[in-house]
Amino acid sequence: MKKKKIAVLASGRGSNLQVIMDAIDAGYIETGEIRVVISDNRDAFALERARRNGIEHLWIDPSVYDTRREYDHAVAGELEKRQTDLVVLAGFMRILSPDFVRRFYGRIINIHPSLIPSFCGEGYYGGRVHRAVLDYGVRVSGATVHFVDEGTDTGPIILQQVVEVKQDDTVESLAERVLEVEHRLLPEAVKLFCQDRLRIEGRKVYISGDGAR
Ligand code: GAR
């Protein structure tokens, strides 16, 4: 099977980028390769991780563009230059414009640190998600990998896993346990995509092949 060309978009620490790179190096993802890592944040540690792994990395500065649409157009241009098959949002803290999503629909996946459709949408990112989970008092949270559509965190769900919320959890302790789950789900979803085992039908994602859920 021909290898899928993956682009990872990340704004921060890049631990989810790291687990994808590790999964490729370990042979867990055999039919994918990361072609480029793009960040909107010059200081993102994700860029440094890409550099250490010998992967091309770009900082595309949002302040140079007047609108979100123009910024996304520039990002899309870089992705198309590299014939990107799959765009992974790994802690990318910008909402993508509808034009961008239409251009790559079915080829963009995102990891979110809650059980969608709870604690998601505009304003829910990073530690804010876990703060809202703790304030609400729910007993479970988790992580979700989904295809991106034109809404915020509304696209078809690929994988989810539950994480228990403990009474003495802090934002940090809950984030840490959810992150462990993210680090399992995201490489699995990338692997399934790269094996052509995901099919979207309306709101649902069907997984084919051995051990399909
Ligand atoms: C992850 O927890 C990811 O789920 C979250 O940002 C963190 C990035 O960590 N993404 C969102 O909140 C998107 N709405 P990382 O930079 O170490 O991968």
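From a predicted model like this one, the values you see are computed outputs, not experimental measurements. Note that ligands are numbered from 1 as they come in the structure, with each ligand's atoms numbered from 1 the same way.
Residues passing the salt bridge (charged side-chain N to carboxylate O under 4.0 Å, His left out) test with Glu48, sequence neighbours excluded: Arg51, Arg52. Partners of Tyr71 under the ring pair (Phe, Tyr, Trp, His ring centres under 6.0 Å) rule, at least two apart in sequence or in another chain, are Tyr65. Looking at residues two or more places apart in sequence or on another chain, you find a side chain to side chain contact (heavy atoms under 4.5 Å, CB included) between Lys191 and Tyr28, Ile29, Gln195.
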Need the list: ligand 1 N/O atoms against protein N/O atoms, distance under 3.5 Å, rounded to one decimal.
{"residue": "ligand 1", "atom": "2 (O)", "partner": "Glu182", "partner atom": "OE1", "Å": "3.1"}
{"residue": "ligand 1", "atom": "2 (O)", "partner": "Glu182", "partner atom": "OE2", "Å": "2.8"}
{"residue": "ligand 1", "atom": "4 (O)", "partner": "Glu182", "partner atom": "OE1", "Å": "2.7"}
{"residue": "ligand 1", "atom": "4 (O)", "partner": "Glu182", "partner atom": "OE2", "Å": "3.3"}
{"residue": "ligand 1", "atom": "9 (O)", "partner": "Arg13", "partner atom": "NH2", "Å": "3.1"}
{"residue": "ligand 1", "atom": "12 (O)", "partner": "Gly126", "partner atom": "N", "Å": "2.8"}
{"residue": "ligand 1", "atom": "14 (N)", "partner": "His112", "partner atom": "ND1", "Å": "3.3"}
{"residue": "ligand 1", "atom": "16 (O)", "partner": "Gly14", "partner atom": "N", "Å": "2.8"}
{"residue": "ligand 1", "atom": "17 (O)", "partner": "Arg13", "partner atom": "NE", "Å": "2.6"}
{"residue": "ligand 1", "atom": "17 (O)", "partner": "Arg13", "partner atom": "NH2", "Å": "3.2"}
{"residue": "ligand 1", "atom": "17 (O)", "partner": "Ser15", "partner atom": "N", "Å": "2.8"}
{"residue": "ligand 1", "atom": "17 (O)", "partner": "Ser15", "partner atom": "OG", "Å": "2.6"}
{"residue": "ligand 1", "atom": "18 (O)", "partner": "Ser15", "partner atom": "N", "Å": "3.4"}
{"residue": "ligand 1", "atom": "18 (O)", "partner": "Asn16", "partner atom": "N", "Å": "2.9"}
{"residue": "ligand 1", "atom": "18 (O)", "partner": "Asn16", "partner atom": "ND2", "Å": "2.9"}

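Residues Ile6 and Val8 form a side-chain contact, since some pair of their non-hydrogen atoms from C-beta on lies under 4.5 Å apart.
Between Asp85 and Lys3, no side-chain nitrogen of the basic residue sits less than 4.0 Å from a carboxylate oxygen of the acidic one, so the salt-bridge criterion is not met. Salt-bridge annotation for Glu56 and Arg35: absent, with no side-chain N of the basic residue lying under 4.0 Å from a carboxylate O of the acidic one.
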